[in-house]
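Have a look at the structure below before the remarks.
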Amino acid sequence: MLKATDLHAYYGRAHILQGVSFALAAGEVLVLLGRNGAGKSTAMKSLIGLVRPRAGRIAFAGHEVAGWEPYRIARLGLGYVPEERRIFADLSVAENLEVGRQPARDGIEPWTEDRLFALFPNLGRMRTRPGGRMSGGEQQMLAIARTLMGNPRAILLDEPSEGLAPIIVEQMAAAIVALKAAGVAVLLAEQNFHFAASVADRAVVIESGRIAWAGTMAALLADDAARRAHLQV
Ligand SMILES: Nc1ncnc2c1ncn2[C@@H]1O[C@H](COP(=O)(O)OP(=O)(O)O)[C@@H](O)[C@H]1O
Ligand SMILES: [Mg+2]
């Protein structure tokens, strides 16, 4: 579905991603783990085209998309929810969703308000509330819901649990598991290991722009030494 091979990315002369490879299969949740500054967001921005990789390949939905403009990659069905949620503060929940609407996509049941409100029940109770008057967790859910209105095949979620209260983190985890069940492939970037462990099938640990560990979440949970060495958990 989405495959990055030997990606190298730079900001100016700083060599940030130094040969990163991973693949996201249809119907799975893959998490990029790693501490602050490891390169997780840069990897996501490379996938969606906001950072142009200097070398490496990115295959998505049957196309070689490295170097494409972000809008073309998004149009192929790659959704992206950045760390900064970028909700329209003056628009209501329903209006924010409307802004994200894209045509239906072959093989994907189109997302509607009703389906999204089943996934995020909180949002359904505040349909007319302006985005600017929602909590951080509610805004994060709205940002994801708005991206789903584009009917993506796969979605990139950059630190969706960041700054959320524990009860909201649980709701976010339930929503991600439901997304997977709905057939949307999910790539997460996370520093919160326990959240990642509750939703991800596989994990890739990035350290200073290189892959330090990769495998199933079950294997990472069983490997105390790897967790301590790479994640301090
Ligand atoms: N726009 C930018 N310009 C220059 N350096 C950047 C920029 N964005 C990120 N970096 C640097 O790139 C490295 C990786 O950052 P990032 O991908 O955001 O890491 P993570 O998401 O894992 O915290 C860090 O050293 C960060 O300071
Ligand atoms: Mg980041």
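One-based numbering, in listed order, for ligands and for the atoms of each.
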Does Leu179 reach the side chain of Leu148, with side-chain heavy atoms less than 4.5 Å apart?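 A side-chain contact under 4.5 Å exists here.
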Assigning hydrophobic clusters by single linkage (Ile, Leu, Val, Met, Phe, Trp, Tyr; side-chain heavy-atom cutoff under 4.5 Å), is [X] placed with [Y]?
X: Leu231; Y: Leu221; answer: yes
X: Met172; Y: Leu187; answer: no
X: Leu188; Y: Ile211; answer: no

Let me know which protein residues bring a heavy atom to under 4.0 Å of ligand 1; chain then number is fine for ordering.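 Lining ligand 1: Tyr11, Ile16, Arg35, Asn36, Gly37, Ala38, Gly39, Lys40, Ser41, Thr42.
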Contact summary for Ala226 and Leu220, nearest pair of heavy atoms: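 For Ala226 versus Leu220, the nearest heavy atoms are CB-CD1, 4.4 Å.
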Thr42 backbone or side-chain N/O/S under 2.8 Å from the Mg ion (ligand 2):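 So Thr42 does not bind the Mg ion (ligand 2) by this criterion.
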With a cut-off of 6.0 Å (strictly less than), are more than 12 heavy atoms of other residues, nucleotides or ligands near CZ of Arg101?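 Counting neighbours around CZ of Arg101, 12 or fewer heavy atoms of other residues, nucleotides or ligands fall under 6.0 Å, so no.
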